Every structure is written in C-alpha cells, then in structure tokens.
Amino acid sequence: MLSFQVRDFTIGKNQPLALLLGPCVIEDEKHTLYMAAELKKITSRFPFPLIFKASYDKANRSSGRSFRGPGIKKGLSILQKVQKEFDLPVITDIHSPDEAKAAAEYVDILQIPAFLCRQTDLILAAAATQKPVNIKKGQFVAPWDMKNVVEKMESQGNRKILLTDRGTTFGYNNLVSDMRAIPIMQDLGYPVCFDASHSVQLPGSLGGASGGERKYIPTLAKAAVAAGCNALFIECHSDPANAKSDATTVVPFDMLTNLLEEIERIYFALQQAHAR
C-alpha cells in the first residue's frame, strides 16, 4: 500500500488512524473557527492526527432552496484562517476542474464528492495539482470498480490517493455499509477512509432534504476501525439541531468524545494483535 504525507504525519499502512472531522458546510467564519478550536481540543488527548474538513459549497443539496455555503472565494479564505490560527491541515470538496486549481492553492487535501467520482475531467484536474486527493466511492459504484478512478489519478503521476467508502445504495432512500469494501479498495494499493456520517444517510427521505440515523454512526465507525480502515471521516457540529446541512447526521461534541474513547481501545487492541 502506498502512503502519503500530510504536514507532519503520514496516511497509510502501519500509520496512525487519521481523523477527518468538521462541519458539513462552512456556515460562517465565526462558527468555523470555533469548530476548529473545539475539535483540536477534543482530539488532542487521542493519538490520532486531525484534518479539519468543511465545504465552501454544497453543490449537491437535495433542494435548490437549501443552504450551500459561502462560495469558493470566501470559503477558502476561512479555511486558510483555520490552517494558520490552529496549525491544522484542511480538506474541502471541489466540483469542477477550475475549482481544483483554485482550491489547491489553499488546502492540504482535495476531496472528490461521491456523486462526482466518475467525472474524468474533474479527477484529472485534481490529480494534476499533485495535491493529495480523497476520492469518495459513489453510492452506485462497486469497490473494485474504483480501480478505474485510481488509474485516472495515476495517469497524471499522482499517487497521493485516499479512497473513501460512504455506503452503497440499498433500494430507495437508504444505504448499506459493506465492510468488505475497506480491504477490497486497500488491495488497489492505497489507504482507505470510512465516512461514518454519510453512510447513515437516508438520501432524499425528507422530500427536500436527506434524513439520516445518527445513532448508528458509532456502530459503523467502530466496525470500520476493526476492519482496518486507515482514516475515519465524521461530520460534527456544536448544535446539530440547528446545523445548516445534514442536521440528522452530524455528531455533537459529547458523542464524538465518547466514540473516540471507544475507537482508541479498538485501535490499540488491533495494534497489539498485529504485534504478536
């Protein structure tokens, strides 16, 4: 398995579990900086490096009336403040080839949304920046078919790849998580992240928005760590009920802390087992 460097840590085999945490969307500068401060404080007691995530534009909201974010210019400026004020690496979604180049000047990792994982021009543009790229496996894509996406990245000489599983379509308005996807995608030669937040979504189930079952996030996150994922993606919020995006699947701080305590025990149990 290939690995890649992010600031002062590495994501890959035999490396510490990386945490990709943050709100679904940048709501405003004050809230984003508060979230970064709190998440850095929470994760400081755990042996897992933190990558702050937030989107400047949620371009795939169910309804055109839903909040999308501050846009690329203001959003990237806010993420840059997170980097400088808290010394944290940041990751954000991109949606077009032009955005790839612009975002790469600010963020540490680019992210390809699941709905866009087969968009060749977007993948090639992201790869051409030579930044690490987190590619979310589409809900409609088999894990072994991510080989085609990997080959597109490699065609640009970029092997700083993270593949993320975020559930698979299971009938209408539902997803299911197959933990086999983690080792299957790792066998493609790259580290794998598990997105515990979007895996519990009920897509479009609220009519004008996606619903979700937050209570199952700990179950799936712990299963993914036990299955050997290299990184864990969890969206968080200081006030989930009033979150402007994905309110049913963002995790409050107390729930996150309790979950990380359990994950730490599972993680170290696996380390001890592998050392025998």
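All of these numbers come straight from a predicted model, not from anything done at the bench. Residue indices begin at 1 and follow the sequence shown.
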**OP:** For side-chain contact (heavy atoms from CB on, under 4.5 Å), just list the numbers for Ile11 and Val6, CA-CA rounded to whole Å, side-chain angles, deciding distance to a tenth of an Å, and then say yes or no.
**Re:** CA-CA 7 Å; Ile11 296 179; Val6 181; 4.1 Å; yes
Original post:
Between Asp165 and Phe194, is there a donor-acceptor pair closer than 3.5 Å when you use the side chain of the first and the backbone of the second?
Top reply: no
Subject >> CA sep, side-chain torsions, deciding dist, call: Asp108, Arg7, side-chain contact (heavy atoms from CB on, under 4.5 Å) >> reply: CA-CA 8 Å; Asp108 298 270; Arg7 298 283 184 95; 3.1 Å; yes
Original post:
Are Leu220 and Ile217 in one and the same hydrophobic cluster, where Ile, Leu, Val, Met, Phe, Trp and Tyr link if side-chain heavy atoms are under 4.5 Å apart?
Top reply: yes
**OP:** In plain terms, say whether Asp28 and Lys30 are close enough for a salt bridge, that is, a side-chain N and a carboxylate O under 4.0 Å apart.
**Re:** no
Original post:
Of His198, Arg214, His237, which is the lone residue that meets side-chain hydrogen bond (donor to acceptor under 3.5 Å, both in side chains) with Asp246?
Top reply: His198
**OP:** Apply side-chain contact (heavy atoms from CB on, under 4.5 Å) to the pair Phe140 and Phe115, showing each step before the final yes or no.
**Re:** CA-CA 9 Å; Phe140 45 85; Phe115 284 129; 4.2 Å; yes
Original post:
Only one of Gln111, Met185, Met146 forms a side chain to side chain contact (heavy atoms under 4.5 Å, CB included) with Ile135, so which one is it?
Top reply: Met146
Original post:
Would you say Leu163 and Leu110 are hydrophobically clustered, going by side-chain heavy atoms of ILVMFWY under 4.5 Å?
Top reply: yes
**OP:** Give a yes or no answer on whether the side chain of Gln130 reaches the backbone of Gln156 with a donor-acceptor pair at less than 3.5 Å.
**Re:** yes
**OP:** Could you tell me whether the side chain of Lys137 reaches within less than 4.5 Å of the side chain of Arg166, counting heavy atoms only?
**Re:** no
Original post:
Are Leu259 and Leu270 grouped together when hydrophobic residues (ILVMFWY) are joined by side-chain heavy atoms under 4.5 angstrom apart?
Top reply: yes
Subject >> Lys74 side chain vs Ile78 backbone, donor-acceptor pair below 3.5 Å >> reply: no
Original post:
Taking a hydrophobic cluster as the set of Ile, Leu, Val, Met, Phe, Trp and Tyr residues connected by side-chain heavy atoms closer than 4.5 Å, whether directly or through intermediates, do Leu39 and Phe9 fall within one such cluster?
Top reply: no
Original post:
Measuring from Glu213:CD to Thr219:OG1, what's the distance to the nearest 0.5 Å?
Top reply: 11.0 Å
Original post:
Looking only at atom types and distance, does a side-chain atom of Lys40 sit under 3.5 Å from a main-chain N or O of Phe86, one as donor and one as acceptor?
Top reply: yes
Original post:
When rounded to the nearest 0.5 angstrom, what distance separates CD1 in Ile184 from CG in Asp178?
Top reply: 6.5 Å
Original post:
Taking the side chain from Gln83 and the backbone from Tyr106, do they hold a donor-acceptor pair closer than 3.5 Å?
Top reply: yes
Original post:
In terms of side-chain heavy atoms, does Thr168 have a donor or acceptor partner in Gln139 at a distance below 3.5 Å?
Top reply: no
**OP:** Apply the test side-chain contact (heavy atoms from CB on, under 4.5 Å) to residues Asp57 and Ile72: give CA-CA distance (whole Å), side-chain angles for both, the deciding distance (0.1 Å), then the verdict.
**Re:** CA-CA 7 Å; Asp57 181 17; Ile72 187 169; over 6 Å; no
Original post:
Taking the side chain from Thr129 and the backbone from Lys131, do they hold a donor-acceptor pair closer than 3.5 Å?
Top reply: yes
Original post:
Side chains of Ile26 and Thr92: does their closest heavy-atom pair fall under 4.5 Å?
Top reply: no
**OP:** Give the minimum heavy-atom separation between Gly211 and Thr248, together with the two atoms involved.
**Re:** C-OG1, 3.2 Å
**OP:** Flag the pair Leu17 / Asn230 as yes when at least one side-chain heavy-atom distance between them is below 4.5 Å, and no otherwise.
**Re:** no
**OP:** Indicate whether the side chain of Thr32 and that of Lys81 have a donor and an acceptor atom separated by less than 3.5 Å.
**Re:** no
**OP:** Can you measure from CG (Asp187) to NZ (Lys147) and round to the nearest 0.5 angstrom?
**Re:** 12.0 Å
Original post:
Has the side chain of Asp93 got a donor or acceptor atom that lies under 3.5 Å from a matching backbone atom of Pro113?
Top reply: no
Original post:
Is there side-chain contact between Val133 and Ile123, with at least one heavy-atom pair below 4.5 Å?
Top reply: no
Original post:
Looking at Pro23 and Phe52, what are the two nearest heavy atoms and their distance?
Top reply: CD-CZ, 3.6 Å
Original post:
Going by distance alone, is a donor N or O of one side chain under 3.5 Å from an acceptor N or O of the other, for Glu262 and Tyr267?
Top reply: no
**OP:** Please check if the side chain of Thr164 supplies one atom and the backbone of Lys136 the other of a donor-acceptor pair under 3.5 Å.
**Re:** no
**OP:** Establish whether Val192 and Leu20 are linked, either directly or via other cluster members, by ILVMFWY side-chain heavy-atom contacts under 4.5 Å.
**Re:** no
Original post:
Under the 3.5 angstrom rule, does the side chain of Asn158 hit a backbone N or O of Ala127 as a donor-acceptor pair?
Top reply: yes
Original post:
Is there a donor-acceptor pair under 3.5 Å between the side chain of Ser199 and the backbone N or O of Ala196?
Top reply: no
Original post:
Side chains of Leu124 and Lys152: does their closest heavy-atom pair fall under 4.5 Å?
Top reply: yes
Original post:
Are Lys13 and Pro191 side-chain neighbours, meaning at least one heavy-atom pair lies under 4.5 Å?
Top reply: no
Subject >> Shortest non-hydrogen separation from Ser245 to Cys24 and the atoms involved >> reply: OG-SG, 3.1 Å
Subject >> Shortest non-hydrogen separation from Thr249 to Gly212 and the atoms involved >> reply: CG2-CA, 3.6 Å
**OP:** Assign the ring pair Tyr34 / Phe253 to parallel, tilted or perpendicular, where the plane angle (0 to 90°) is split at 30° and 60°.
**Re:** tilted
Original post:
Which pair of heavy atoms, one from Cys117 and one from Val141, lies closest together, and at what distance?
Top reply: SG-CG2, 3.9 Å
Subject >> Check: Arg45 and Thr257 side chains under 4.5 Å, non-hydrogen atoms >> reply: yes
Original post:
Measuring from His31:NE2 to Ser238:OG, what's the distance to the nearest 0.5 Å?
Top reply: 3.0 Å
**OP:** For Pro16 and Pro47, work out which heavy atoms get closest and say how close.
**Re:** CB-O, 3.8 Å
Original post:
Will you find, in the side chains of Glu99 and Tyr56, an N or O donor that is under 3.5 Å from an N or O acceptor?
Top reply: yes
Original post:
Taking side chain as C-beta onward, heavy atoms only, is Phe233 less than 4.5 Å from Leu19?
Top reply: no
